[in-house]
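Whatever order the structure lists them in is the order used to number ligands and atoms, beginning at 1. Numbers here are sequence positions counted from 1. It should be emphasised that the depicted structure is a prediction, and the values quoted were computed from it without experimental measurement.
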Amino acid sequence: MFENITPELSPALDVIIKSRRSVRAFSSIPPSQEAIEAIIQAGLLAPFAALAVAGKPEFRKVFVIRNSSAAMKTAADILKNKMAKFADELEKKVGPVPFVQNLKRIGQQGVSGVGNAPYYVVVGEKKGTPPVAAQSLSYCLQNMWLKATSLSIGFQLVSATMQAESDPDFCKLLNIPCGEYALDGCALGYPADNYQPPSVEYPTLTKSVSWL
Ligand SMILES: Cc1cc2nc3c(=O)[nH]c(=O)nc-3n(C[C@H](O)[C@H](O)[C@H](O)COP(=O)(O)O)c2cc1C
């Protein structure tokens, strides 16, 4: 195996991995359908939990919601209301902690990445036993993120999507049976002019690794 892999390819992957960032402000110019399909194709090649989805056709589904579409407006409204409700419920349990304040802001302003980027892409993974659909979705989205980066297309995770997987209106919008798929999502589009992500400190080899 690995017949097509040569050592010269590895530095290119390093560049892509190091360039991957969360983009949170987008140009209104939409990437082409071809580019979006290439990104989705990378996600479809990500690992899946073979035993959990054995005998389940269509275990991974992808929904591309275009900006300014009726579907985008519906998705944005559902997620915004969900976050507002979630914030209220959580506040009753834990009080006005910073996480709750942030949820409240999202409940008022809407979910970032839904309605302010050319595409909101939702990925569904059929739930099964063991219950690892969320992990499979992470692999799928990471592949998409790296492929988007390789095409200079910005990517933002939209974790609020996970909260909507058992929402009847959201599942109706996607035309999937309610509760059968774990969901996650991302926004895709070119970064806004002069967009600079904040500086981030990543874990380091020296501090994070122990050889036993
Ligand atoms: C499980 C998970 C959920 C995340 N959810 C969101 C999200 O909903 N919106 C967002 O803008 N970023 C989200 N992020 C992105 C992180 O905030 C980001 O990766 C981190 O701050 C490092 O920045 P970088 O992506 O630019 O390297 C999420 C990351 C992870 C791992």
Check ligand 1 against the protein and report each N/O to N/O distance under 3.5 Å, formatted as atom name, atom name, distance.
unit_1   : atom_1 : unit_2 : atom_2 : d
ligand 1 : 5 (N)  : S159   : OG     : 2.5
ligand 1 : 8 (O)  : L157   : O      : 3.3
ligand 1 : 8 (O)  : S159   : N      : 2.9
ligand 1 : 8 (O)  : S159   : OG     : 3.3
ligand 1 : 9 (N)  : L157   : O      : 2.9
ligand 1 : 11 (O) : R24    : NE     : 2.6
ligand 1 : 11 (O) : R24    : NH2    : 3.3
ligand 1 : 11 (O) : Q156   : NE2    : 2.9
ligand 1 : 12 (N) : R24    : NH2    : 3.1
ligand 1 : 17 (O) : R24    : NH2    : 3.1
ligand 1 : 25 (O) : R20    : NH1    : 2.9
ligand 1 : 25 (O) : S22    : N      : 3.3
ligand 1 : 25 (O) : S22    : OG     : 2.6
ligand 1 : 26 (O) : R21    : NE     : 2.6
ligand 1 : 26 (O) : R21    : NH2    : 3.1
ligand 1 : 26 (O) : S22    : N      : 2.9
ligand 1 : 27 (O) : R20    : NH2    : 2.7
ligand 1 : 27 (O) : R21    : NE     : 3.4
ligand 1 : 27 (O) : Y202   : OH     : 2.5

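- Contact record, P96 with Q101: CB-NE2, 3.0 Å, taken as the closest heavy-atom pair.
- Using modelled atom types, one side-chain atom of N81 and one backbone atom of D77 make a donor-acceptor pair closer than 3.5 Å.
- Taking the six-membered ring where tryptophan is involved, the planes of F170 and Y120 are tilted, since the angle between them lies from 30° to 60°.
- Counting only heavy atoms from C-beta outward, the side chains of F48 and V53 approach each other to under 4.5 Å.
- Within the 3.5 Å criterion, the main-chain N or O of L183 finds a donor-acceptor partner in the side chain of E165.
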Show, in sequence, the C-alpha distance, side-chain angles and deciding distance for M83 and V111, and conclude whether the side chain to side chain contact (heavy atoms under 4.5 Å, CB included) test is met. CA-CA 8 Å; M83 290 301 107; V111 172; 3.9 Å; yes

